[in-house]
Each structure stands twice: as C-alpha cells, then as structure tokens.
2 protein chains.
Amino acid sequence: MIDHSADRAVFRQLADLLRRQIESGDLAPGDILPSELRLAEDHKLSRTTVRQAIGQLRSEGLVTVDRPRGTFVRVPEPVELIPLTTGARVSARMPTASERRRHRLRDGVPVLVVTAPDGAATSYPADRVQLTRP
Amino acid sequence: MIDHSADRAVFRQLADLLRRQIESGDLAPGDILPSELRLAEDHKLSRTTVRQAIGQLRSEGLVTVDRPRGTFVRVPEPVELIPLTTGARVSARMPTASERRRHRLRDGVPVLVVTAPDGAATSYPADRVQLTRP
DNA sequence: TATTATTTGTTCGTATGTATA
DNA sequence: TTATACATACGAACAAATAAT
C-alpha cells in the first residue's frame, strides 16, 4: 500500500489510506483506529510519520483523539438550526483560541460567523449549528 | 518568554507568542516570519518544536508557507458576496482533498456549504466568499 | 488499593530532498 | 553554483493519563 518511491509523501499516503477507510465506512463513526505503534509496525513506518498522518486527519476534522484511550472516527453531532435575520452576512474560519475553549471545539472544526447589519458578529460551532434562510 | 517548566507545551507557547504578534499587528499581513532556524536559535528550541508551532498557526489559517521563500502572515482575500436563496441551509467544515484542489485552498481554510431545499449542496472557499441574506 | 501496561503527547537529534534566490 | 529555507522521514526518550491486572 505504502510506496516509498512514490512522489506523494509517505505520511500523506497513510492519511489517504485511512481517509478512504473512513469514507467507505470500513472505519465507521465511533470506531477506534489502530494505535500509532500498531500502524507504524503494520506499515513499516516510524511513529513520527504515523503521527503526521493522524495529525492531517485531525486537522480535517475526520478523527478525534481521546488520550490516552486512542484515536476515533468522529461521530456527527446533533445539529441545531438557527434562522438568519435579514441583512446578515455569513462567513467561516478556524476558531480563535478563546472560541475553541468557549465552544469546546475539537481539532478541525471551523466556526460559522454571522455578522448583523450593525456590525455585531456572532460565532457558532460549525459541527453543531446550521444556519437557515427561511 | 518560553518557559520550559510551564504546564503548557513549549510549541504551544511559541505559537501563542507568534499569534499575539500577528493579532497585535506587530506582524502585519504579508510580513514574513523569522525562519524556522532563526526561531529555533532565538528561543533555544529544536527546529522540530518550531515546526510544530508553525504547523499550529497554519492549521488556524493565520500563516501560509511559500516554500522555500518563507512563512508569511496571511493576507485577507477579496470577498465575493453570494446571496442565499430561500430555504437554503448553511454549514461549514474543513474541505475534502478534492475541494482543496478545486478551490486551491490553503491550510486552515474551511468551506462554506450551501444546501438547497432539493438537497443539492455547493461548497465555497470560506476565505473568498461571504453569504448574504438579502 | 496498588501496580503495570497501553496509548498518546512532547521534545530532542539527525539526515536527506527540493525549490528558490 | 551556492546558500537558504521548508518538507519529509528516521530514531530515541520521557511524561501523563487511562485501563487492566
């Protein structure tokens, strides 16, 4: 599976492989991934490289780490619908440190930012909120 | 500045330090950060640790790397306003690999996903698009 | 209750590759 | 051509938190 002579970096190849398993449902939401050491042994890689791959998946929001229990495929959160008021503008970005704390956001989860006509901005956790235009 | 005896990981302390410089404007959009080697020397850290800190800022969308010129404070992109049609739902998440390619997204930039009442979903680069409710 | 094993987190070091000025 | 700077990948060691014995 992993091709050291390939153009694509080894850690990206491992991330691709795990991502495919997640997207295909082979690794379902809530499932635990093999441990870093296990992945390193199975694919003949260093743990450093395995961690790079997992870090990639974390930044994509596909897995969450519950230390030291293991790394798990993210389970979708229940979504709250919030109606947009007239004149509102919607953007999205990665959260600031304080937003991460306030919303208890995990890696790879953006915030939705709603700016009212008067300039007041409110941010929402993008994994638990959808905005609606009624 | 960096306290090895502190509870917070050194690479997080360095990320905090650089983040503060960016947020205060001390490092302005378009400015180049000190090189990894320079940061490592200045703060008496390994380059690995410096890279962890910069990787954190990349995943937050605060800096972009133009290899091998250097690492730069991200410059805001011109924003296109797109009106929401009635019944649309808006969410945000990190892009898939194909979305990253298609929209030429850099690290730490989410996508805005608009789902029409018929279920058709469209994704937009969150650094160049804002959605409006007219 | 105490100890051990497991697993992720942090940090160091080293080496080589690649793209740019 | 050379120097610079980031990217990738290896290895090693210890810490911290949870689970198992």
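What you see is a predicted model; the values in this text were computed from it and never measured.
- Across the protein-nucleic acid pair, A:Ile2 atom CD1 and D:dT8 atom P stand 14 Å apart, rounded to whole Å.
- To the nearest angstrom, P of D:dT4 lies 11 Å from CD of B:Glu41.
- B:Arg58 comes within 4.0 angstrom of sugar-phosphate atoms only, judged by non-hydrogen atoms across all strands, and of no base.
- Nucleic acid contact class of B:Arg38 (heavy atoms, under 4.0 Å, all strands): none.
- For A:Arg89, the CZ atom sits in a loose shell: 12 or fewer heavy atoms of surrounding residues, nucleotides or ligands are nearer than 6.0 Å.
- In this model, a side-chain donor or acceptor of B:Arg47 finds a partner on the base of D:dA7 within 3.5 Å.
- Spacing between atom CD of B:Gln13 and atom C1' of C:dT10 amounts to 12 Å, rounded to whole angstrom units.
- Using modelled atom types and a 3.5 Å distance limit, the side chains of A:Glu60 and A:Gln56 yield a donor-acceptor pair.
- Counting heavy-atom neighbours within 6.0 Å of A:Asp118 CG, excluding the residue itself, gives a total above 12.
- The 12-atom threshold is not exceeded at CZ of A:Arg38, counting heavy atoms of other residues, nucleotides or ligands nearer than 6.0 Å.
- Atom pair B:Asp66:CG and C:dT18:P shows a separation of 19 Å (rounding to whole Å applied).
- Atom CD1 of A:Ile32 sits about 7.0 Å away from atom CZ of A:Arg69, to the nearest 0.5 Å.
- The side chain of A:Thr49 contributes an N or O atom lying less than 4.0 Å from OP1 or OP2 of D:dC10.
- Of the two residues near DNA chain D, A:Val10 and B:Val65, the one whose nearest nucleotide lies more 5' is B:Val65.
- Set against D:dT8, D:dG11, C:dG9, the side chain of A:Arg67 has C:dG9 as its closest nucleotide.
- Contacts of A:Arg12 with the nucleic acid, taken as non-hydrogen atoms under 4.0 Å apart, involve only primed sugar atoms and P, OP1 or OP2.
- One interatomic measurement links the two molecules: CG of A:Asp7 to P of D:dA9, which rounds to 11 Å at whole-angstrom precision.
- The pairing partner recorded for C:dA5 is D:dT18, the criterion being a Watson-Crick or G-U wobble arrangement whose two distances lie under 3.5 angstrom.
- Atom CZ of residue A:Arg128 and atom CG of residue A:Leu112 lie 11.5 Å apart, to the nearest 0.5 angstrom.
- Of the candidate nucleotides C:dT8, C:dT11, D:dC6, C:dT11 has the atom lying nearest to any side-chain atom of B:Phe11.
- Between the C1' atom of D:dG11 and the NZ atom of A:Lys44 lies a distance of 16 Å, rounded to the nearest Å.
- Between C:dT7, D:dC6, D:dG11, one nucleotide has an atom nearer to the side chain of B:Ser35 than all others, and that is D:dC6.
- Checking the phosphate oxygens (OP1, OP2) of D:dC6, a side-chain nitrogen or oxygen of B:Thr71 falls inside 4.0 Å.
- Spacing between atom CZ of A:Arg69 and atom P of D:dA17 amounts to 16 Å, rounded to whole angstrom units.
- Note on B:Arg51: a side-chain N or O is less than 4.0 Å away from OP1 or OP2 of D:dA7.
- A straight line from CG of A:Leu45 to C1' of D:dT8 spans 12 Å, rounded to a whole angstrom.
- Listed nucleotides: C:dT11, D:dC6, C:dT7. Nearest to the side chain of B:Gln52: C:dT11.
- In this structure, A:Thr48 reaches the bases: a heavy-atom distance under 4.0 Å links it to at least one base atom across the strands shown.
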